[in-house]
Amino acid sequence: MENLTNLDLMIDPALKVPDENNEEKFLNNPIVTLGPITKQYLKSVKNYITDGNRFVFSDGASKVQISVISDEIIRVRMAPQGTFLADFSYAINPYDHIITEVKFTETELQYLIATPKVTCAVTKADFLISFIDRNGNLMSSDAKPMHYEENVQFGGYYVYCSKTCQATEDFYALGDKATEFNLRGKRQVLWNTDTYAFAKNQDPLYRSIPFYMSLNKGYCYGIFYDNTFKTHYDFAVESHDCTSFWSDGGELNYYYIHGPQMVDVVKRYSMLTGTHQMPPMWALGFHQCRWSYYPDKKVKQIANTFREKKIPCDAIYLDIDYMNGYRCFTWNDRYFPDPKQLLTELDEIGFKTVVIIDPGIKVDDNYWVFKEGKANNYFCRRCDDYFMEGNVWPGRCQFPDFTNPKVREWWGGLFQGLLDAGVDGVWNDMNEPAVFGSGSFPDDVRHNFDHHRGSHRKAHNVYGMQMVRATYEGLQKLQKNKRPFTITRAGYSGVQRYSSVWTGDNVASWEHLKLANVMCQRLSISGISFCGTDIGGFTGEPDGELFTRWIQLGVFTPLMRAHSAGDTREREPWSFGEPFESICRKFIELRYKLLPYLYSAFWQHYKYHMPVLRPVIMLEPNEQINHYREDEFSFGDSILICPVLQPGITNRKVYLPKGTWYDYWNNQKYKGGKEFVINTPLDSMPIFVKAGASVPEYPVMQYVNEVELEFLTLKTWYSEMEEKSIIYEDHGENFAYKLDIYLEKTITVRGTNGSFVMEQTMFGMYTPRYEKYEHIVYGLPFKVKKVVVDGKEMKKYSVDATNVLSFTTTKQFKKIEILA
Ligand code: GLC
């Protein structure tokens, strides 16, 4: 057998990154046609080479590279003609993965690459790849050898992979599909598409997240298929025992992500593709949007009404009409004669302003952005060198090539003027990219692809992600130490490193409320925790009940933004009168109370890769009954949400996972593992807290930092089992947390019949400004006789008629003993 050590020898030098001056030469190379189309399957393995943790097997023509990324992640690449493309990915985030040991062995029938957690086997006779856990369980195996087909029009190959599928196997994730949560029995396509008023089961939608998980009898693995071309999935449709994915071009390049728990797979996918940064705290408040609030007086009137009606809100949005003729980075001086003054006034009453910026730049030689883009050759061009032109809001437009690092840098700098006017956040829309009439760019549009060049077929799915990356990185540079806030419609795996995401132009219907719930959970387990939907439905008219139920769900989506199309009736939390207004207020207030809890959940996402929303199937993957339960989810570690998604119902069945739960509203205790019927009057929604949870709460504020905190409320629910809760605090707006200037507190509790002990440990260098905790303890199974804090008996505490205990301690307490 050959034993080369330098795998780079195998990369065709012509495919290596060209130097920049040579770029045009490469781009103008004629398209080569490659002969008749036939599907080619890998044949028997003829030889292999090894190089550290990389192994390359060949059938004489094609090559397959298998590399160990970590003990639990193994990457597979297939080069149909034996030449790997230069290795480049927009999705993968640098991360120190741990590789303990890799063993390579050859048996009579196969090659084995083993880490302490998983073994990858390659059969010699038919080149089938499988993954086996350390107990010998077969997690995943090829149903047929990887295969490919020449693309005579563009060059390159269609590439295919098929995995066997068991009768009990189900499938999850894939980003933003508007269909049932479990993807078994479905075909899906990834091709970013502007889908106004999308319908249930419509596909593809706005984002492409090529990551799915298989769950079979509690065992989970994931496949992240890092290919940016149009990609197709078949989850046991064509054949009930086979799941396939394939693309219209590029390399077959996937990562097998080992579990065995679903939560492990989700976390490892996040390690591969990155997480959101900590959002500015205000971005977790309520956002009010509409297409569009104008002129300036209208914006002020809306903001003032929030304050008069005492409905908390942190952000107001300016949709496209704030611009001059929809020219990005300009203001319409008739509607907004003095933006700085307006934004200052909004800021004075605690409103942040978020403005929309689309990718289409109006073709207008008197418009500075167009002139700069044109002079510097920043706009996309067709294969024959004409500019890519298409109509969007401003009329005829050209489009920056955001896959060019120079263009991203230029774009990032364009935000200076908006920031000077006082803008706080940026909303990137239409970045699939959307073009009126044709839908998007034609396939032949050329892209820089960070000097790796590509047609639009390759760059389409990453265009929006690179746009919002340019926006985010620009804001970060200009705002220095202040955390940017961005929201995007389109994206590809890894987009979470640069932005929050909303699900696009949904509809005001009960069916869409259900979809909103499923889509946010799906996004969350697909690496995109900071997600939300247009509360109320973008198009169409919700009635007061639907809007109110959507606000209730929205409290528990990480991004909470109400938005509506311009041709709909007014859509603010007060627009439906009473009792809807009061109920919306009550729930938005709940969001504000739970801000420190949500912020802590974000920290757990950023630091420990936990998704913020956790579907019930992730909590109890062994329970087959949960495979089709899609409406309930855990919001952070300890709060279970059972939203009301149907009109007119006065109760609903909820399933509580095993363990003890308390009703958040009345503290009634439940033993989980079964279903209960819970009343659902319009002013309520079933919310349960896990026994042993310590949930931090703020007092209601009209906006983040409205008042200085005097104390933090800590609500704790009794548990016999030991339970831990994490509370995270930091400055809220800057990047000091990256230098360890934060405080991570762990509250550990455990109870017996005669005592309940709460202990606090702290890590980090941040000092909150409040001094005290106000403790409220629920569910104590005994009459309290004594409360001892750090060895000292407390004189003052109170117990109400329902045995709820309240007392105050310093924020530094170490140990509280509540004794019978
Ligand atoms: C798109 C967006 C929508 C926005 C509208 C006008 O339809 O999805 O949110 O309001 O464009 O900018």
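Numbering of ligands and ligand atoms starts at 1, following listing order.
Residue S493 holds its OG atom at 12.0 Å from CZ of R207, rounded to the nearest 0.5 Å.
Using the six-membered ring where Trp is involved, F370 and F379 have ring planes that are parallel, under 30° apart on the 30 and 60° scheme.
Remark: K362 is not positioned above the aromatic ring of Y326, lacking an NZ or CZ atom under 6.0 angstrom from the ring centre and at most 45 degrees off the axis. Remark: R381 is positioned above the aromatic ring of F387, its terminal NZ or CZ atom under 6.0 angstrom from the ring centre and at most 45 degrees off the axis. W427 carries R561 over the face of its six-membered ring, with the cationic atom under 6.0 Å from the centre and within 45° of the normal.
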Show the distances, to 0.1 Å, for all pairs joining an N/O atom of ligand 1 and a protein N/O atom that are shorter than 3.5 Å, listing one pair per line.
| residue | atom | partner | partner atom | Å |
| --- | --- | --- | --- | --- |
| ligand 1 | 7 (O) | D505 | OD1 | 3.4 |
| ligand 1 | 7 (O) | D505 | OD2 | 2.7 |
| ligand 1 | 8 (O) | R489 | NH1 | 2.8 |
| ligand 1 | 8 (O) | D505 | OD1 | 2.5 |
| ligand 1 | 8 (O) | D505 | OD2 | 3.3 |
| ligand 1 | 9 (O) | H563 | NE2 | 3.0 |
| ligand 1 | 10 (O) | D319 | OD2 | 2.5 |
| ligand 1 | 10 (O) | H563 | NE2 | 2.9 |
| ligand 1 | 11 (O) | D429 | OD2 | 3.0 |
| ligand 1 | 12 (O) | D319 | OD1 | 2.6 |

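Using a cut-off of 4.0 Å between Lys/Arg side-chain N and Asp/Glu carboxylate O, D319 and R290 are scored as not salt-bridged.
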